[in-house]
Amino acid sequence: MSADPFLKPLIDHRIYTIALRKMPEFLEVFDRLAMPVLMETLGPPLGIYTSLVGPLNQVVHLWAYADLTDYERRCRQRDTHPEFPAYLAASGHLIVAQETRLIRLADMPSMRARQR
């Protein structure tokens, strides 16, 4: 498989709904406290986005994994990182809801050609 992160077969697709008028505070806390831990344990994300149309006050981030074992190992590293509880404590009052989806790469001939 290609080293292209967009073609990794498993994507963790997370949606956080942020309390009304708290997006700037959440993004500051996330960037300052979560991102250093996430970069160390999960690696760089495919992207982090905020909603523009549709449900508002949402942050979406995407992380790529080789497989379910890779996902579980890296999430365990994140969850047991000694600095991660500081982010959880600082962000708890800002997050209204969280959705986590694991989505997988569709097995289509046109995509297989790109993976080479």
Under 4.5 Å between side-chain heavy atoms, counting indirect links through other Ile/Leu/Val/Met/Phe/Trp/Tyr residues: same cluster for [X] and [Y] or not?
X     : Y     : value
Val37 : Tyr71 : yes
Phe30 : Val60 : no
Ile48 : Leu38 : yes
Leu62 : Tyr65 : no
Leu46 : Met39 : no

With a 4.0 Å cut-off, would you call Asp70 and Arg73 a salt bridge?
-> yes

Within-4.5 Å side-chain heavy-atom neighbours: [X] and [Y]:
X     : Y     : value
Thr17 : Ile95 : no
Tyr16 : His61 : yes
Asp67 : Leu10 : no

On a heavy-atom basis, which atom in [X] and which in [Y] lie closest, and how many Å separate them?
X     : Y     : value
Thr50 : Val59 : CG2-CG2, 4.2 Å
Trp63 : Pro44 : CZ3-C, 3.7 Å
Ala66 : Pro9  : O-CG, 3.0 Å
Met23 : Asn57 : CE-C, 3.6 Å
Thr80 : Arg76 : OG1-O, 2.7 Å
Arg14 : Asp12 : NE-OD2, 2.9 Å

In Å, rounded to the nearest 0.5 Å, how long is the span from [atom1] of [X] to [atom2] of [Y]?
X     : Y     : atom1 : atom2 : value
Leu33 : Leu88 : CG    : CG    : 10.0 Å
Glu28 : Ser91 : CD    : OG    : 11.5 Å
Glu40 : Phe84 : CD    : CZ    : 12.0 Å
Gln58 : Leu52 : CD    : CG    : 12.5 Å

Do Thr41 side-chain atoms and Gln77 backbone N/O form a donor-acceptor pair below 3.5 Å?
-> no

In this structure, are over 12 heavy atoms from other groups packed under 6.0 Å from Arg32 atom CZ?
-> yes

Under the side-chain contact (heavy atoms from CB on, under 4.5 Å) rule, what do Leu68 and Leu102 come out as? Steps first, then yes or no, please.
-> CA-CA 9 Å; Leu68 191 55; Leu102 291 179; 3.9 Å; yes

